S.K.: 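Let me give you the structure first, and then I'll get to my questions.
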There are 2 protein chains.
Amino acid sequence: MNMRRTTIKDVAEAAGVGVATVSRVLSGGSASPETRERVLTVAAQLDYRPSALGRNLRQRRSGGIGLLVPDITDSFYGRLADGVLACARSAGEPVILGTTGDDAEREAEEIAVLLEQGVDRVVAVPAGNGEIWEPTLRSGLTTVFAHRLAAGRQDVPAVLADDRAGVRTAVDYLTGLGHRRIAYLGGPGQDSRVSVFRQTLGALVDEELIVFARGSRDSAYAAAAGLFQHRPDLTAVLAGGNQLGEAAVLAARELDLRVPKDLSLIMFDDVPWAELCSPPLTVIAEPAQDIGYRAAELVLRAGGRRPRGALLPTELIVRGSCGPRRTQ
Amino acid sequence: MNMRRTTIKDVAEAAGVGVATVSRVLSGGSASPETRERVLTVAAQLDYRPSALGRNLRQRRSGGIGLLVPDITDSFYGRLADGVLACARSAGEPVILGTTGDDAEREAEEIAVLLEQGVDRVVAVPAGNGEIWEPTLRSGLTTVFAHRLAAGRQDVPAVLADDRAGVRTAVDYLTGLGHRRIAYLGGPGQDSRVSVFRQTLGALVDEELIVFARGSRDSAYAAAAGLFQHRPDLTAVLAGGNQLGEAAVLAARELDLRVPKDLSLIMFDDVPWAELCSPPLTVIAEPAQDIGYRAAELVLRAGGRRPRGALLPTELIVRGSCGPRRTQ
DNA sequence: CTGAAAGCGCTAACAT
DNA sequence: ATGTTAGCGCTTTCAG
C-alpha cells in the first residue's frame, strides 16, 4: 500500500546515469542535450518528485516563506496574506502561516517555530518591539515587515501603506467639514499614525480623545464605547482599522448617536461591508493585498543584500458617514 | 556573523555523551536521571534547538500540517484557518497554508507542493471532485475534509456544519412567514444543501430559482442581480455564504428592492457586519472556527487509523432581514 | 543505560 | 559532460 517514494537514485538508475546528473538536469545545470532529454523522460515516466526534505537538509534551509500576522480573521490581514500567497505561489514556494495576536511573546514563539523549521525568509506584521527581532535577524533570517514597522528597527525593509498621508487627508477632510473635537480610535502599533494625527490637528489636539484598544473586538468595542460616553462633545472619529470602525458603528448605535448627524466617522481600511453599512462608511482604503504581494516579492528577490522598502498610496473614499459639524 | 547553528553533536560533546543519548533525552526516551539532567542543562546553556530539517529527513515526513482553503480573504475561511492554527499551535506544529480558489487544478498544484514538502497531514476544504484526491490519499496522506466533502469520497473523515438542518430551519422559517417563491443563491460545493432545499420545499421548488455563482465576489453579484431581474416574483432568498449574502444585499439595493419588505433574506454564516447592515441580517450561524479546530484535532490525533468525522450544529439567528410575504 | 554507526534524499565539491 | 563521494542534523537499530 504505502510504498516508498521515487527517489533521485531510482531515476538515475533507470536513466543509466549518476545521481548528480539527474540533480543537475532538474535544476537547470549543464548536461548534454541527449542526456538531459533521457533524464527528463525517465523522471516523467517514474513521476519523480524531488523531495524538499533532502534538499532542505543539504542546503541547511527550508524553502518556503514564513508569514506572521496578528489575526487571520481580520479582513485586512486576510487580504495581506492573500497577496503573500499569490506571490509565493508564482514562485512555487510554500507559505507557513502563524498568528501573533499582536502579542510579543506569541510572536517570539512563532518565530522559534519558523526557525526550527529552517525557514530563512519571513514576512511579518511585527507585534513586539524591535529587540525581539534582534537575535533572529542576526541569525540570518531575511525579514521584511509589512503594514507597520517595529520600534527601533529602521534597518529592516518594510512595505507600508502611506497612512501618514491617509491621516492627514482624513483630518483635513474632517476639519474642512468644521469639526474641531476629533478623536482617534487606535489599535496596536499605530504610534506613527497618531503622531501625524497630532501634527495635523495642531492646536486642536485633545489627548483625551486619543484612545487605544488592544487587538480584540471586545477591546475595540470597550474603547469606542468608553470614548463616546466620556466625551459626548466629540463630533468626529477616525478609526484605525476595520475592527475599530465596526466597534465605533456598534457603540454609536448603542448610544443612539446618529452617523453622520451626531458623529462623523472615517475608518481605515476599505472592507466590502463598508458599502453595505448605513450610512455607507467613508474610508481610507489601504492596498492590503498589494502590501502582502510586494513584501513577499522583496523577501524572495532579496539576494542576500537588503532591499529597500516601499510606500504604497492610500485613498480617501468618501461615502456617507461624514457630515458637517453638528451645531451644538 | 552568520555562525553555524548549534547541533545535536555540539550538545553531545559538551555534555560528554553520545548524540544518541541527547536525542533520547530530548524526545523523552530512557536515560539515567543524572545523564538526563546534564544533557538538559547543557542543551539549555547552548540554547540548542533541534533542527526540524534533520528530523524530517530521517523520518521521511515533515511535521506540520497542510491547510487548503478556497479563499483566505473570505471571513468564513479566515475563521476556519484560525481554528486550525489554534489547534496546531497547541501541538507546536507549523501550518502550511494554500488557497485553491475553488479550482480543481489549483488544488492539485497545492497538493503537489505539500507532498513535495513532505507534509503528511492535511486539512482541506475540497474543491475538486473526489478523484483528484485518489492518488494523494493512497500515498498515505492523512486527510480530513472541513466544511464540505468531495463528491464520491465518503471514506475521508470530515468535519461539517449541519447545514442540511440549517437549510431546513431556514426554509421552514421562510415558508412559515408565507413565502412560496424562495430562491437559493449558491456557491461551489453546495450540492448537498440544495438537495435538502429541494426536499424541504417539496412541491414549491422552482428550478429557475436555484442559481449558482463561482467563487468570486463578481460572480456572486452577477448571479444575484440576474436572479432578481429575471424573477421579480420571488419574495425570499437563501444565500449560501457571506459573500453571496453581501452580493444579494448589494443587488437588491441596486434594483431598489427593499429588505425585508420586498425581499426576505437569510444568509449562511454569521459575520460581524451582518449586525451592522440595515436591516441587520438574519443568518444561519456556522461554527467556522470550531470546524477548523476539530478538523486539525482529528488530523493530529489520527494515529494511523481513520477517525470518524463530526457534525457541528448550526443556528438560525433571527434579526431583521425577513418579513411576511409581500402581498402582490 | 549508553554509544557507534547507518542512513533518510539531496546537492556541491572534486575527479575524471 | 558526468560520475563519485561526502556530508547536511537527526533518529534508530544494534551492540556492549
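Remember, it's a predicted structure, so these values are computed and weren't measured experimentally. Naming: A, B, ... by sequence-line order, numbering from 1 per chain.
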S.K.: Given atom CD of A/Glu13 and atom P of D/dT2, what is their separation to the nearest angstrom?
M.R.: 18 Å
S.K.: Nearest whole Å is fine: how far is C/dT2 C1' from B/Arg38 CZ?
M.R.: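 The distance from CZ of B/Arg38 to C1' of C/dT2 comes to 11 Å, rounded to the nearest Å.
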S.K.: What is the distance, to the nearest angstrom, from the CZ atom on B/Arg5 to the P atom on D/dG7?
M.R.: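 It is 21 Å, rounded to the nearest whole Å.
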S.K.: For A/Arg60 and D/dA6, give me the distance from atom CZ to atom C1', rounded to whole Å.
M.R.: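 Nearest whole value for this atom pair: 13 Å.
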S.K.: Counting the atoms with a prime plus P, OP1 and OP2 as sugar-phosphate, which does A/Gly118 contact under 4.0 Å by heavy atoms, base, sugar-phosphate, or nothing?
M.R.: nothing
S.K.: When the distance from CZ of B/Arg49 to C1' of D/dC10 is rounded to whole Å, what number comes out?
M.R.: 17 Å
S.K.: Base, sugar-phosphate, or nothing: which does A/Ala20 touch, judged by heavy atoms less than 4.0 Å apart?
M.R.: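 Since a base atom lies under 4.0 Å of A/Ala20, the category is base.
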S.K.: Given D/dA1, C/dC10, C/dT2, which nucleotide is nearest the side-chain atoms of A/Ile8?
M.R.: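 In terms of side-chain proximity for A/Ile8, the closest of D/dA1, C/dC10, C/dT2 is C/dC10.
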S.K.: Measure from the side chain of B/Arg58, starting at C-beta and using heavy atoms only, and say which of D/dG3, C/dG7, C/dT11 lies closest.
M.R.: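 The nucleotide sitting nearest to the side chain is C/dG7.
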S.K.: Check every atom of D/dG9, D/dA1, C/dT2 against the side chain of B/Leu57 and return the nucleotide holding the closest atom.
M.R.: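 My answer, after comparing the listed nucleotides, is D/dG9.
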S.K.: Taking only N and O in the side chain of B/Ser51, is any of them less than 4.0 Å away from OP1 or OP2 of D/dC10?
M.R.: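 Answer no for this pair, as no side-chain N or O of B/Ser51 is under 4.0 Å from OP1 or OP2.
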S.K.: Students often get this wrong, so: under 4.0 angstrom with heavy atoms, is A/Gly54 touching a base, only sugar-phosphate, or nothing?
M.R.: base
S.K.: Using whole Å, what does the distance between atom P of nucleotide D/dG9 and atom CZ of A/Arg55 come to?
M.R.: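 Answer to the nearest Å: 18 Å.
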S.K.: Does B/Ser30 place a side-chain N or O at less than 4.0 Å from the phosphate oxygens OP1/OP2 of C/dC1?
M.R.: yes
S.K.: Give the rounded distance in Å between these two atoms: CG of A/Asn56 and C1' of D/dC8.
M.R.: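 In whole Å, D/dC8 C1' lies 11 Å from A/Asn56 CG.
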S.K.: Whole-Å distance between D/dG9 C1' and B/Gln59 CD?
M.R.: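 In whole Å, D/dG9 C1' lies 12 Å from B/Gln59 CD.
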S.K.: Spell out, as yes or no, whether a donor-acceptor pair under 3.5 Å connects the side chain of A/Thr99 to the backbone of A/Gly101.
M.R.: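 Absent.
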S.K.: Taking the side chain of A/Arg24 as its heavy atoms from C-beta onward, which of D/dT2, D/dC10, C/dT11 lies nearest to it?
M.R.: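 Of D/dT2, D/dC10, C/dT11, D/dT2 is nearest to the side chain of A/Arg24.
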S.K.: Ignoring backbone atoms, establish whether B/Thr35 has a side-chain N or O less than 4.0 Å from OP1 or OP2 of C/dC1.
M.R.: no
S.K.: Looking just at side-chain N and O atoms, do B/Ser32 and B/Arg36 make a donor-acceptor pair shorter than 3.5 Å?
M.R.: no
S.K.: Is B/Arg153 paired with B/Glu131 through a side-chain N to carboxylate O contact shorter than 4.0 Å?
M.R.: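 No salt bridge links B/Glu131 with B/Arg153.
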S.K.: Which of these nucleotides, C/dC10, D/dG9, C/dT11, is closest to any side-chain atom of A/Thr7?
M.R.: C/dC10
S.K.: So, is A/Thr21 close to the D/dT2 phosphate, meaning a side-chain N or O under 4.0 Å from OP1 or OP2?
M.R.: no
